[in-house]
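Keep in mind that this is a model prediction, so the values were computed, not measured. All chains are named by letter (A, B, ...) in the order of the sequence lines, taking the proteins before the strands, and each is independently numbered beginning at 1.
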2 protein chains.
Amino acid sequence: MILEKKKAFNEFAAAKGLRSTRQRDIILDFFLSTHQHVSVEELYLKIKASHPGIGHATVYRTLKLFTEAGLAREILLHDGQTRYEHALAGEHHDHLVCTGCNAIIEFEDETIEKLQKEIAARHGFMIRRHKLEIYGLCALCRAPR
Amino acid sequence: MILEKKKAFNEFAAAKGLRSTRQRDIILDFFLSTHQHVSVEELYLKIKASHPGIGHATVYRTLKLFTEAGLAREILLHDGQTRYEHALAGEHHDHLVCTGCNAIIEFEDETIEKLQKEIAARHGFMIRRHKLEIYGLCALCRAPR
DNA sequence: TATGCCTTTGATTTTCAATTTCAATTACGC
DNA sequence: GCGTAATTGAAATTGAAAATCAAAGGCATA
Ligand SMILES: [Mn+2]
Ligand SMILES: [Mn+2]
Ligand SMILES: [Zn+2]
Ligand SMILES: [Zn+2]
């Protein structure tokens with residue numbers, strides 16, 4: 001799993017003529033061992049604890065590379081912080097976002113996906129991507145105390 | 001229509017103990033006579049042409065008030081600019097966004113709305129709001145030349 | 001292993017939307 | 001009209017993200 005992703009990035013890097021650097025290896029290791037939907041700042045701070053030399057800019061740049069390579073996906077929720085999640089080829093899902101505890105629940109609904117395509121077709125619109133985010137309170141945050 | 005909205009805002013302002021100011025009247029007039037999905041900067045520039053004294057901060061603040069009053073709705077698309085659209089009580093719709101010409105097509109789909117509620121219920125999640133944005137190319141932008 | 005090119009890095013600066021600050025102005029109940 | 005508290009707007013500040021650029025480092029070649 002993790003090895004496959006590393007391999008995938010190495011292939012992407014090779015194809016693009018990118019150099020192999022210590023920083024990119026470290027950032028990839030941290031990203032792969034991180035929970036879903038990590039913000040750049042969160043990841044940067046985690047890395048900085050054991051690798052103080054690594055800079056903000058490199059983390060930003062490298063996450064964009066991972067996205068280009070297909071390992072990561074950018075998620076823009078309503079808090080002004082870009083987050084990244086692990087991307088699996090061909091996989092797609094949407095998000096329930098708890099505004100109480102910031103938990104994120106993933107879901108996928110084939111019918112919704114199909115209806116979106118029908119709506120687009122009806123308007124002669126060609127879909128490139130979409131985002132469906134449902135904001136509210138998760139079961140835990142709804143519970144009294 | 002426009003008068004109803006002005007009345008609605010006046011009632012909101014009265015209930016909240018807000019004062020009636022020339023600036024708020026002007027900004028409301030401009031907002032109500034503007035096409036859908038206007039950005040703050042766009043609206044500010046339009047107003048400035050005939051009312052140079054009105055400041056950025058006031059436009060930002062006032063649009064937030066309109067939102068609170070239920071006349072406007074904040075729309076955050078993927079271009080880093082907050083937009084506002086006219087809100088009608090009880091009405092909801094989602095957006096097809098053309099990345100070619102920035103056109104925005106509105107749509108509503110009862111089945112999608114229902115499915116969202118089912119998904120939320122399945123996770124014990126209480127929905128407060130949601131956003132569904134479909135990005136791609138509109139019919140005109142797809143057409144050759 | 002050494003050379004040299006050219007990519008990458010990271011401290012710093014810049015950008016840009018949006019918010020905050022605060023002194024001056026203004027609305028409005030009395 | 002008076003006094004007070006809300007409002008305004010120029011300017012400063014914020015915060016995320018991108019850009020800058022000199023120094024460091026990867027890598028093809030000899
Ligand atoms: Mn996800
Ligand atoms: Mn709309
Ligand atoms: Zn929660
Ligand atoms: Zn278009």
*Which ILVMFWY residues can you reach from A/L76 by hopping between side chains whose heavy atoms are under 4.5 Å apart?*
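Members other than A/L76 - counting any ILVMFWY side chain reachable under 4.5 Å - there are none.
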
*So which residues get pulled into A/L137's cluster when ILVMFWY side chains under 4.5 Å apart are joined, directly or through others?*
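Other cluster members: B/M126.
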
*With sequence neighbours left out, which residue pairs that include part of residues 101-128 of chain A fulfil the salt bridge (Lys or Arg N to Asp or Glu O under 4.0 Å) condition?*
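Sorted result for residues 101-128 of chain A: empty, none.
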
*Give a yes-or-no answer on whether the side chains of B/H95 and B/Q36 include a donor-acceptor pair shorter than 3.5 Å.*
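No, no side-chain donor-acceptor contact under 3.5 Å.
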
*Could you state the atom-to-atom distance from CG of B/N10 to P of C/dC28 in whole Å?*
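Nearest whole value for this atom pair: 11 Å.
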
*Which is the 5'-most and which the 3'-most nucleotide of DNA chain D that has an atom under 4.0 Å from a heavy atom of chain A?*
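So the outermost contacting nucleotides come out as D/dA16 to D/dC27.
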
Partner set under side-chain hydrogen bond (donor to acceptor under 3.5 Å, both in side chains) for [X], not counting sequence neighbours:
| X | answer |
| --- | --- |
| B/D29 | B/K6 |
| B/E11 | none |
| B/K16 | B/E68 |

Just the atom pairs and distances: protein N or O near nucleotides 16-19 of chain C's N or O, under 3.5 Å.
{"residue": "C/dA17", "atom": "OP1", "partner": "B/Q81", "partner atom": "OE1", "Å": "3.0"}
{"residue": "C/dA17", "atom": "O3'", "partner": "B/G80", "partner atom": "O", "Å": "3.4"}
{"residue": "C/dA18", "atom": "OP1", "partner": "B/T82", "partner atom": "N", "Å": "2.8"}
{"residue": "C/dA18", "atom": "OP1", "partner": "B/T82", "partner atom": "OG1", "Å": "2.4"}
{"residue": "C/dA18", "atom": "OP2", "partner": "B/Y60", "partner atom": "OH", "Å": "2.8"}

*Under the ring pair (Phe, Tyr, Trp, His ring centres under 6.0 Å) rule, what pairs show up with a residue in residues 98-138 of chain A, not counting sequence neighbours?*
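Those involving residues 98-138 of chain A are A/H78-A/Y135, A/H92-A/H130.
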
Can you list, pair by pair, the side-chain donor-acceptor contacts under 3.5 Å of residues 43-58 of chain A, counting residues two or more places apart and other chains?
{"residue": "A/H56", "atom": "NE2", "partner": "A/E41", "partner atom": "OE1", "Å": "2.7"}

*For DNA chain D, find the residues of residues 16-37 of chain A with a heavy-atom distance under 4.0 Å and give them by number; none if there aren't any.*
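Contacting residues: A/R19, A/S20.
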
_For B/H86, give me all partners under ring pair (Phe, Tyr, Trp, His ring centres under 6.0 Å), at least two apart in sequence or on another chain._
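Checked B/H86 against ring pair (Phe, Tyr, Trp, His ring centres under 6.0 Å); matches are B/F31.
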
